[in-house]
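Quick notes on the structure that follows.
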2 protein chains.
Amino acid sequence: MNIKDIAQIANVGVSTVSRVLNGHPDVKDETRAKVLAVIKKNNYIPNNSARVLKQTNTRNIGILVKGVFNPFFSEILKTVSTGVENAGYTMILQHHNNENDIDTLLGFIKEKKLQGVICLGGNFLDLTDEVLAEISTAIVLVSVDSVTRKNLKRCSSISIDNQQASYMAVNYLINNGHHEIGLMLGEVVDFGIGKERYEGYKKALADHHIPFNEKYVLYGGFECKGAYDKTIEFLKKEKQITAIFAISDIMAVGVAKATANLGYTIGKDISIMGFDGMDFATYYEPSIATIKQPKQDMGLRSVDLLLNLLSGKAENAHIFLDVKLVEGGSCQSI
Amino acid sequence: MNIKDIAQIANVGVSTVSRVLNGHPDVKDETRAKVLAVIKKNNYIPNNSARVLKQTNTRNIGILVKGVFNPFFSEILKTVSTGVENAGYTMILQHHNNENDIDTLLGFIKEKKLQGVICLGGNFLDLTDEVLAEISTAIVLVSVDSVTRKNLKRCSSISIDNQQASYMAVNYLINNGHHEIGLMLGEVVDFGIGKERYEGYKKALADHHIPFNEKYVLYGGFECKGAYDKTIEFLKKEKQITAIFAISDIMAVGVAKATANLGYTIGKDISIMGFDGMDFATYYEPSIATIKQPKQDMGLRSVDLLLNLLSGKAENAHIFLDVKLVEGGSCQSI
DNA sequence: CTGAAAGCGCTAACAG
DNA sequence: CTGTTAGCGCTTTCAG
């Protein structure tokens with residue numbers, strides 16, 4: 001069942017069917033009704049590929065997710081997918097773990113003829129306006145490293161200031177009297193947000209004249225279990241530790257469980273901070289203090305921006321959203 | 001830059017380029033190398049739409065997610081997306097909340113020329129082999145209602161026995177001495193897995209001659225907050241309650257927090273069971289007892305089955321995977 | 001307002 | 001082994 005069949009059954013030309021399909025105004029109401037009726041009766045659905053092949057306007061939006069499919073991205077994804085679909089676009093999700101995020105992005109755009117892409121995570125430090133000049137695709141980078149600071153004119157970004165957010169967390173711990181603060185990062189090699197949060201940690205220590213100790217830096221692999229295991233091992237050796245800052249809530253939960261199992265009372269014997277602002281951390285007992293990222297807003301604004309970019313209603317922009325330090329029973333003064 | 005350009009530059013015909021692209025064997029090594037070089041030098045990437053338009057073999061696999069993008073689905077999605085991409089397929093993700101899951105599925109298949117679909121969630125009770133006879137798309141339903149029991153010959157499914165799993169949980173609570181057991185469901189209207197778990201709850205009570213009390217059934221909307229609020233309200237009225245079974249871990253966390261805030265000691269004053277087997281529940285303090293679904297396995301097996309269905313290596317099948325009751329400090333005998 | 005016809009970029013006969 | 005060519009189903013001029 002294709003457009004030709006419909007045209008034949010409805011006794012009109014294919015172009016008329018096409019016009020009806022695309023909501024062009026210059027079709028007689030009567031004809032439109034007839035065509036619509038035939039379409040409905042035959043359950044006809046236009047072939048997307050043919051349409052995309054022909055049009056420059058493919059209505060394809062890609063979502064490129066880098067690395068682990070963490071719950072934080074999932075929440076953004078939820079918002080984004082709703083927005084993209086409501087706007088009548090097709091959403092193509094690609095998940096990768098390649099070295100070169102830029103090449104992956106470029107390939108994705110060409111292959112799928114994307115009109116727009118939202119990248120969740122990844123490292124785009126080497127991205128330049130020259131590279132982007134070759135393509136006319138709208139690009140919004142979400143939650144990526146500080147490429148945003150380069151003020152590229154041919155792409156947009158929505159992010160938070162990771163270094164400052166991390167600084168805020170560590171500073172808060174220090175102001176609560178903590179000096180021996182462990183840091184739970186994800187992977188050892190991380191040139192993206194992990195690195196920036198690492199630097200925020202170091203800076204906060206330095207500003208308070210607290211010496212930095214490499215042994216206090218742990219890598220939990222962004223999973224509960226990793227964080228749990230590393231914390232157990234760590235606290236057995238470093239008994240002077242009074243606080244641990246994990247750069248994701250999921251790891252914070254692992255840290256919390258580890259301290260509890262070691263006999264610490266969370267909040268009293270040890271303070272724990274997370275990062276992201278996930279529900280399950282807020283509803284932990286005690287509530288895990290965290291740096292809350294505006295997840296919903298990040299999703300909403302990235303779709304908004306992308307759609308406005310596509311319709312020419314907006315210019316490329318680099319938007320920094322504010323985070324909020326959410327206090328919780330897991331963090332107390334000493 | 002298209003196939004014709006490449007052919008011209010490489011001084012060969014388009015079909016040769018096409019053959020190289022598709023790994024056909026009958027190309028002279030020398031020619032292949034030449035073409036490959038030109039492709040690489042020009043950063044040529046074939047247009048997917050044209051390929052899909054032409055081929056029956058579109059290499060498009062759709063993932064249709066129904067309802068909330070919960071963390072449980074996200075985990076499956078992670079596994080699935082990796083599998084689909086490794087097999088060289090394009091993954092098109094669609095997220096919907098329509099009434100009619102079957103029509104949505106059918107439309108999705110036609111529009112995107114899908115060769116296979118994996119449905120996460122949804123209600124396919126009205127699905128029949130007659131409807132499926134019209135399409136030649138491989139379909140794997142994952143985590144859906146008991147349509148699986150109808151033994152459709154033209155689609156597959158991977159699921160757990162929700163009623164029995166729920167029965168197992170409630171039975172466990174009862175055997176631990178609990179008689180006044182609250183049930184935290186998601187939405188009031190639910191003809192899918194929610195209903196089956198509801199029935200498992202009722203059946204367990206009945207088998208132990210415990211009267212069913214409609215007031216003990218709560219609806220938390222599959223969110224921490226909803227579960228939290230409803231539990232607070234509930235426990236203020238029904239002080240005789242000694243256990244609550246939530247049909248998702250995320251809600252169990254909300255329930256746990258509520259009981260803690262009301263001054264209950266979890267595990268001692270009240271027992272809590274979850275469902276799914278998510279990390280953050282296991283790492284809760286105390287660990288939340290749960291019915292662990294084989295998430296990883298569900299993802300893996302659905303991709304496997306789908307790919308084998310596509311290559312003719314497997315027949316449609318309805319697979320029930322086993323769940324496991326994981327004990328935890330949140331549940332104790334009284 | 002409507003129809004005929006030219007491709008979009010690719011694959012796969014088919015012919016060499 | 002390789003090139004020529006006919007469409008895949010659709011949109012979009014261009015004529016009516």
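Here is the naming used below: chain letters follow the sequence lines, and residue numbers restart at 1 for every chain.
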message: Would you compute the distance between atom CE of B/Met1 and atom CG of B/Asn47 and round it to the nearest 0.5 angstrom?
response: 13.5 Å
- prompt: Could one point to a donor on the side chain of B/Ser18 or the base of C/dA12 with an acceptor on the other under 3.5 Å away?
  reply: no
message: Rounding to an integer number of Å, can you tell me how far A/Asn22 CG sits from D/dT12 C1'?
response: 10 Å
field: Toward the 5' end of DNA chain C, by each residue's nearest nucleotide, A/Asp29 or B/Asn48
entry: A/Asp29
- request: Flag the pair B/Thr90 / B/Ile61 as yes when at least one side-chain heavy-atom distance between them is below 4.5 Å, and no otherwise.
  value: no
message: What is the separation between atom CD on A/Gln8 and atom P on C/dA4, rounded to the nearest whole Å?
response: 11 Å
message: Would the distance check show the side chain of B/Gln94 and the main-chain N or O of B/Leu64 forming a donor-acceptor pair, the cut-off being under 3.5 Å?
response: no
query: Contact class for B/Val12 vs. all strands (heavy atom < 4.0 Å): base, sugar-phosphate, or nothing?
result: sugar-phosphate
Side-chain heavy atoms of A/His96 within contact of A/Val65, under 4.5 Å: no
query: Separation of A/Leu21 atom CG from D/dC10 atom P, in whole Å?
result: 8 Å
message: Can a side-chain donor-acceptor contact be found between A/Ser49 and B/Ser49 if the only test is distance below 3.5 angstrom?
response: no
- line: Assert: residue with more 5' nearest nucleotide on DNA chain D, out of A/Ile45 and B/Gly13, is B/Gly13
Side chain proximity check, B/Lys153 to B/Asn316, heavy atoms < 4.5 angstrom: no
field: Candidates C/dT11, C/dG3, C/dC14 - which lies nearest the side chain of A/Arg19
entry: C/dG3
query: For B/Ile9 and D/dG3, what is the distance between atoms CD1 and P respectively, to the nearest whole Å?
result: 15 Å
task: Nearest whole angstrom, please: distance from the P of D/dC10 to the NZ of B/Lys110.
output: 12 Å
task: Take atom NZ of A/Lys112 and atom C1' of C/dG9, then tell me their distance rounded to the nearest Å.
output: 15 Å
field: Criterion side chain to side chain contact (heavy atoms under 4.5 Å, CB included) on A/Asn60 and A/Tyr89, from CA distance to verdict
entry: CA-CA 6 Å; A/Asn60 277 346; A/Tyr89 284 80; over 6 Å; no
Heteroatom pairs (N/O) under 3.5 angstrom, protein to nucleotides 7-9 of chain D:
unit_1, atom_1, unit_2, atom_2, d
D/dG7, N2, B/Lys54, NZ, 2.9
D/dG7, N3, B/Lys54, NZ, 3.0
D/dG9, N2, A/Ala50, O, 3.4

d(CD1, A/Ile6; P, C/dG3) in whole Å: 14 Å
- prompt: Just wondering, do A/Leu141 and A/Ile158 contact through their side chains at under 4.5 Å, heavy atoms?
  reply: no
query: Under a 4.0 Å heavy-atom cut-off, which of residues 31-42 of chain A touch DNA chain C?
result: A/Thr31
query: So which of A/Ser159, A/Ser156, A/Ser157 actually passes side-chain hydrogen bond (donor to acceptor under 3.5 Å, both in side chains) with A/His318?
result: A/Ser157
query: Are OP1 or OP2 of D/dG3 and a side-chain N or O of B/Thr16 less than 4.0 angstrom apart?
result: yes
